[in-house]
Trainee: 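The structure's right below; bear with me while I get my questions together.
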Amino acid sequence: MTTPPDIIRAAYAELIVTDLAAARWFYVDVLGLVVTAEEPEALYLRAFEEYTHHSLVLRAGPTPALARLAYRVRGPEQLTVAERYFAGIGVETRRVAAGTTRGIGEAVRVHDPLGFPVEFFYETTHTERFTQHYHRQPGNAISRLDHFNVMVPDVRAAYDYYTGLGFGVSETIEDSDSLYATWLFRKPTVHDIAITGGDGPRLHHIAFASHERHQILHTCDVLGALRAEHHIERGPGRHGVSNAFYLYLRDPDGHRIEIYTSDYYTGDPDNPTVRWDVTDNRRRSFWGHEVVPSWYNEASEVLNLDGGPVPISSPPVHEASAATIGADGFGVAGTGENRQGFKLGHQA
Ligand SMILES: O=C1C=CC(S(=O)(=O)O)=CC1(O)O
Ligand SMILES: [Fe+2]
């Protein structure tokens, strides 16, 4: 196998939204993201600390979906490295010209082994960093994109794929015979990508980071004041995994967005992996709050490199799921066509 591309970090995502005006209200008016560029069918948004052209593209389309996850690589020469690596593992690989996405240079796009549309790029149009433009920043100012979270039927296969790309493993949720979830990084924080077990390939969420917990709490107050509290899905709260203070929102199309702060540094080569037992009810919510079932079973479809939907498959039903355990939040009673609803794990 050839050398993998030198990935720096999770850099941007492109989401398909069915009502661009409604999405603009959510991401710009409510969350305060900065509009770098605006077209009749697309918005290019960035957070206050970012100087690359965008970290989120919202593109109008018929069905809500993830069009692309994009990682920035360390230099233009890494595009050829990426082409060779992904061709070597036998996945569809395409080089696209500069400007295929506004503000992004030449890039390599792949339909990765997990079924996700992923882009690797280096060149990007620089924009003004608004880090100290406090006069522009709302009370819930978001600083930067932090990570992607993807839902896949085979967590172990995703773990192997991403560690093969040179990602470090910061945390896991596991028991003696299963890996339920894992968090992997290239930048020296807890993760650039998290893997959640479930029907997939689907996008679980895109996460942005704020500097302060009060900025996250302000988003909750803003949504309450606007009578838009239904956009709050889970939290605010403190994660066990990552230690971050979190809030999960659903945008007008149902895409999940996390706002997150206070995780930790992982940049030393001997950074230890934190392994959570799946029955530890503090793993997802450190204060023991139950996780709402929608967080475990709803996620966004993904598109292939031609913009068509990618078929979804289900994970094998874990024998432990037949019991009511904290098997990562819920067990699925029964099997096959007898699958019942979901059982929430017992909160010890
Ligand atoms: O960013 C994250 C950090 C922690 C968690 S969890 O709910 O604590 O597992 C979920 C998450 O992947 O969104
Ligand atoms: Fe997250």
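Scope of the values below: all heavy atoms of this structure, side chains included, with no hydrogens, waters or symmetry mates. Along the sequence shown, the residues carry numbers beginning at 1. We count ligands from 1, going down the list as the structure has it; atoms in each ligand are counted the same way.
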Trainee: Parallel under 30°, tilted from 30 to 60°, perpendicular over 60°: which one fits the rings of Tyr248 and His204?
Mentor: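 Because their plane-to-plane angle is over 60°, the rings of Tyr248 and His204 count as perpendicular.
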Trainee: Under 2.8 Å from the Fe ion (ligand 2), which protein N, O or S atoms are there? Could you list them by chain and number?
Mentor: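 As for protein N, O or S atoms lying under 2.8 Å from the Fe ion (ligand 2), they are His147 NE2, His205 NE2, Glu258 OE1.
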Trainee: Hey, could you give me the CG/NZ distance between Asp192 and Lys187, rounded to the nearest 0.5 Å?
Mentor: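 It comes to 3.5 Å.
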Trainee: Quick check on side-chain contact (heavy atoms from CB on, under 4.5 Å): which of Leu179, Thr172, Asp160 does Val155 satisfy it with?
Mentor: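 Running side-chain contact (heavy atoms from CB on, under 4.5 Å) over Leu179, Thr172, Asp160 with Val155 returns exactly one hit, Leu179.
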Trainee: If every non-hydrogen atom of His53 is compared with every non-hydrogen atom of Thr36, which pair is closest and at what distance?
Mentor: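 For His53 and Thr36, the tightest heavy-atom pair comes out as O-OG1, 2.8 Å.
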Trainee: Can you list the residues that meet the side chain to side chain donor-acceptor pair (under 3.5 Å) rule with Glu106, with sequence neighbours excluded?
Mentor: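 Scan of Glu106 (side chain to side chain donor-acceptor pair (under 3.5 Å), adjacent residues dropped) gives Arg95.
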Trainee: What does the N/O contact table under 3.5 Å look like for ligand 1?
Mentor:
unit_1	atom_1	unit_2	atom_2	d
ligand 1	1 (O)	His147	NE2	2.9
ligand 1	1 (O)	His191	NE2	2.9
ligand 1	1 (O)	Glu258	OE1	3.2
ligand 1	7 (O)	Arg234	NH1	3.2
ligand 1	7 (O)	Arg234	NH2	3.3
ligand 1	7 (O)	His239	ND1	3.3
ligand 1	8 (O)	His239	ND1	2.9
ligand 1	8 (O)	Arg283	O	3.2
ligand 1	8 (O)	Arg284	O	3.1
ligand 1	9 (O)	Arg284	NH1	2.7
ligand 1	12 (O)	Asn149	ND2	3.0
ligand 1	12 (O)	Trp183	NE1	2.8
ligand 1	13 (O)	His205	NE2	3.0
ligand 1	13 (O)	Tyr248	OH	2.5
ligand 1	13 (O)	Glu258	OE1	3.0

Trainee: With under 30° as parallel and over 60° as perpendicular, where do the rings of Tyr71 and Phe120 fit, or are they tilted in between?
Mentor: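 The rings of Tyr71 and Phe120 lie parallel, inter-plane angle below 30°.
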Trainee: The criterion is ring pair (Phe, Tyr, Trp, His ring centres under 6.0 Å); which residues satisfy it with His211, sequence neighbours excluded?
Mentor: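 Result, ring pair (Phe, Tyr, Trp, His ring centres under 6.0 Å) vs His211: none returned.
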Trainee: Does Arg282 qualify as a cation-pi partner of Phe286, given the criterion of NZ or CZ under 6.0 Å from the six-membered ring centre and within 45 degrees of its axis?
Mentor: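 Cation-pi check for Arg282 and Phe286: fails.
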Trainee: To the nearest 0.5 angstrom, please state how far the OG atom of Ser300 sits from the NE2 atom of His255.
Mentor: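 That separation rounds to 5.0 Å.
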